[in-house]
Number of protein chains: 2
Amino acid sequence: MEVPRLVDHDRRRAELGEAAIRVILREGLAGVTVRGVAAEAGWSTGSLRHYFRNQHELQAYVVQATTDTLRRRVLPRVQRPRTASSVVEGIATIVEEMLPLDAERREEYALWSAVVAWERQHPPEGGSVTWNDQRAVYRQCVAALRAYEPVREPSQATLPHPDAQVELWAALLHTFVDGLAAQIMNTPGEVSADTAAQLLRSLLQAVPPARPDQGAHRPRAESATRAH
Amino acid sequence: MEVPRLVDHDRRRAELGEAAIRVILREGLAGVTVRGVAAEAGWSTGSLRHYFRNQHELQAYVVQATTDTLRRRVLPRVQRPRTASSVVEGIATIVEEMLPLDAERREEYALWSAVVAWERQHPPEGGSVTWNDQRAVYRQCVAALRAYEPVREPSQATLPHPDAQVELWAALLHTFVDGLAAQIMNTPGEVSADTAAQLLRSLLQAVPPARPDQGAHRPRAESATRAH
DNA sequence: GTTAAAATAGCACAGGCGTGTTAGCATGTG
DNA sequence: CACATGCTAACACGCCTGTGCTATTTTAAC
């Protein structure tokens, strides 16, 4: 049996995923055509179709590859150890890693938004990809709130901040972050990065856990990276 | 000079706008093609092109017509006079008119979302349409907070709730509403209408103006419909 | 070198799109 | 009735799309 050259299919597919991401940023996921992506990657359509039988397979892979790329880019930033000058500032700096406050994060949000819009009009049978990311954002909100929770005396350890309360605040923070990101993206120039950052801090001031906020706080290290 | 039959152009355009809305709900604004909309309306492409010279004119009109339709549908509901059992409930019922909590409002949000996505990738030179709607939502939040503000004694009229504070809370509420709507739409079945309604009330409880919330409150009638 | 399989490149077809153009229909006025 | 003009329908062209198919090139094993 003769074995001709073997090409690392996964490597080629990943290489094509990067080209697809450029296409998505330019034209959206609907612009991911067989011919277009092949041209962007410098391939011929015949070559591309050796790795993806049809457009549907291509788009399904691109959706998965895009979300994987986003996870690899965002998660390390969010979980990076940090020291903050206050509780509000600590939570804010964590959450801001997920907001489109600069070109890099705008690009990430545009990609994520494209995938969300795609899945809304093409409900996948094999389980949604974006719902997992939504849960991940929620868990990061929980982690942020827990990490920068004011250190409590052992006597009142469970009373003021039971887990149910933290999870409720995390859900509120998660929803607020979603809205803030959407406003920054949808009205460029109208809602600036500065006003967004101030709004975020205003919300954190209003939500109970940050109320007694004076002086520096350090994150509880063991829970800063535990969540996933 | 001979004048043949005269057709009410505006009426025909409006008739076509309704067909276009059906197309948008099915395929998004990118699916608004000359041929497709003509077929949906039961016209020939030649007829349609008597009212719109090219696709760009058609899409520009459809964007405007869609937002106008949305304003006509949503605004009366939001500004409808209502009596609530509490401050939180009063604000919540107003804000909920803008949330995709049932089929009708889901349709409205899908239309609005399609226009937003369209304008993000096709920045209009003649000023954004969706930004005006965003401002309108914000003003409705201000109006809701003012209308259901607990009635105060004249002596402390200006101290606890200066306008700057109300506007800040309105901005927070507006952002939260944006996020809540996005979550309901993007994760159907995962974030239900009930949990969304509860989340909204939790936020209103946490935000200062609703803190002293016990007993029934009536809206301050003169400010319930003033805002626009 | 020979060979067989993998990889690549490209053509061909059908279908949808925007749009320019043209022919036919309908109708208020003379 | 005749007619000029607004409306309607349809065709034609070029471009882009997915996809089936084939020819060519490359490469590892014999």
Side-chain angles (χ1 to χ4, degrees), chain A residues 1-63 65 114 117-118 121-122 124, chain B residues 1-63 65 114 117-118 121-122 124:
Chain A
M1 190 174 292
E2 318 275 344
V3 172
R5 71 163 161 177
L6 33 143
V7 171
D8 187 344
H9 277 222
D10 289 342
R11 182 72 199 88
R12 298 277 291 170
R13 286 161 107 104
E15 175 184 336
L16 189 131
E18 300 174 13
I21 283 182
R22 291 195 294 271
V23 173
I24 295 176
L25 289 174
R26 208 185 324 126
E27 313 172 45
L29 238 163
V32 172
T33 66
V34 174
R35 289 171 139 97
V37 174
E40 177 73 31
W43 301 3
S44 71
T45 68
S47 296
L48 185 147
R49 294 184 69 242
H50 252 258
Y51 299 93
F52 305 97
R53 269 202 295 266
N54 48 33
Q55 188 183 31
H56 186 262
E57 266 194 13
L58 169 65
Q59 286 169 332
Y61 170 81
V62 167
V63 165
W118 181 257
Q121 276 214 340
H122 302 77
Chain B
M1 191 173 293
E2 320 276 344
V3 172
R5 73 165 159 172
L6 35 142
V7 173
D8 187 344
H9 277 224
D10 289 343
R11 182 72 198 88
R12 299 276 290 171
R13 286 161 107 102
E15 174 184 338
L16 191 130
E18 300 173 13
I21 282 182
R22 292 194 295 272
V23 173
I24 295 175
L25 289 174
R26 207 183 326 124
E27 313 171 45
L29 238 162
V32 172
T33 67
V34 174
R35 289 170 138 96
V37 174
E40 177 72 31
W43 300 4
S44 71
T45 68
S47 295
L48 186 145
R49 294 184 70 242
H50 250 259
Y51 299 93
F52 306 96
R53 269 202 294 265
N54 47 34
Q55 188 182 32
H56 186 262
E57 267 193 13
L58 170 65
Q59 286 169 332
Y61 170 81
V62 167
V63 165
W118 181 257
Q121 275 215 342
H122 303 77

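Here is how names work: the chains are called A, B, and so on, in the same order as the sequence lines, proteins then strands, and each is numbered from 1.
One can place CD of B:Q55 at 12 Å from C1' of C:dG16, the figure rounded to the nearest angstrom. The distance from atom NE2 of A:H50 to atom P of D:dT19 is 16 Å, rounded to the nearest whole Å. The CG atom of B:L48 sits 14 Å away from the P atom of C:dG20 (whole-angstrom rounding). The NE2-C1' distance, from B:H56 to C:dC17, rounds to 17 Å in whole Å. If you take CZ of A:R53 and P of C:dA7, they are 15 Å apart, rounded to a whole angstrom. Distance CG (B:L58) to P (C:dG18): 9 Å, rounded to an integer number of Å. In this structure, the CZ atom of A:F52 is 16 Å from the C1' atom of C:dT8, given to the nearest Å.
To the nearest 0.5 angstrom, A:R12 atom CZ is 9.5 Å from A:L48 atom CG. In this structure, CZ on A:R13 lies 15.0 Å from CD on A:E18, to the nearest 0.5 angstrom. Rounding to the nearest 0.5 Å gives a distance of 14.0 Å between CZ of A:F52 and OG1 of A:T45. If you take OG1 on B:T33 and CD on B:Q59, they are separated by 9.0 Å, rounding to the nearest 0.5 Å.
Taking only side-chain nitrogens and oxygens, A:Y51 comes nearer than 4.0 Å to OP1 or OP2 of C:dT8. Close to D:dT8, at under 4.0 Å from its OP1 or OP2, lies a side-chain N or O of B:R12. Listed pair B:H9 / D:dC7 meets the phosphate criterion, a side-chain N or O lying under 4.0 Å from OP1 or OP2. Phosphate contact (OP1/OP2 of C:dT8, side-chain N/O of A:S44, threshold under 4.0 Å): absent. For B:S47 and D:dC7, the shortest distance from a side-chain N or O to OP1 or OP2 is not below 4.0 Å.
Of all non-hydrogen atoms in B:R22 and B:E40, the two that sit nearest each other are NE-OE2, 2.7 Å.
Contact check of residues 17-42 of chain B against DNA chain C (heavy atom, cut-off under 4.0 Å) returns B:T33, B:V34, B:R35.
Within the cation-pi definition used here (under 6.0 Å to the ring centroid, within 45° of the axis), B:R49 does not qualify as a partner of B:W43.
The side chain of B:N54 has C:dT19 as its nearest neighbour among C:dT19, C:dA7, D:dC7.
A 4.5 Å side-chain heavy-atom check between B:V23 and B:L29 finds every atom pair outside the cut-off.
Considering A:E57, A:Q55, A:H56 in turn, A:E57 is the only one that fulfils the side chain to side chain donor-acceptor pair (under 3.5 Å) rule with A:R53.
One can find a donor-acceptor pair under 3.5 Å joining the base of C:dG20 and the side-chain atoms of B:R49.
With sequence neighbours excluded, the residues forming a ring-ring contact (aromatic ring centres under 6.0 Å, His included) with A:H122 are A:W118, listed by chain and number.
Five base pairs at each end of the helix from C:dG1-D:dC30 to C:dG30-D:dC1 define two local axes, and these are offset by 10° (rounded to 10°).
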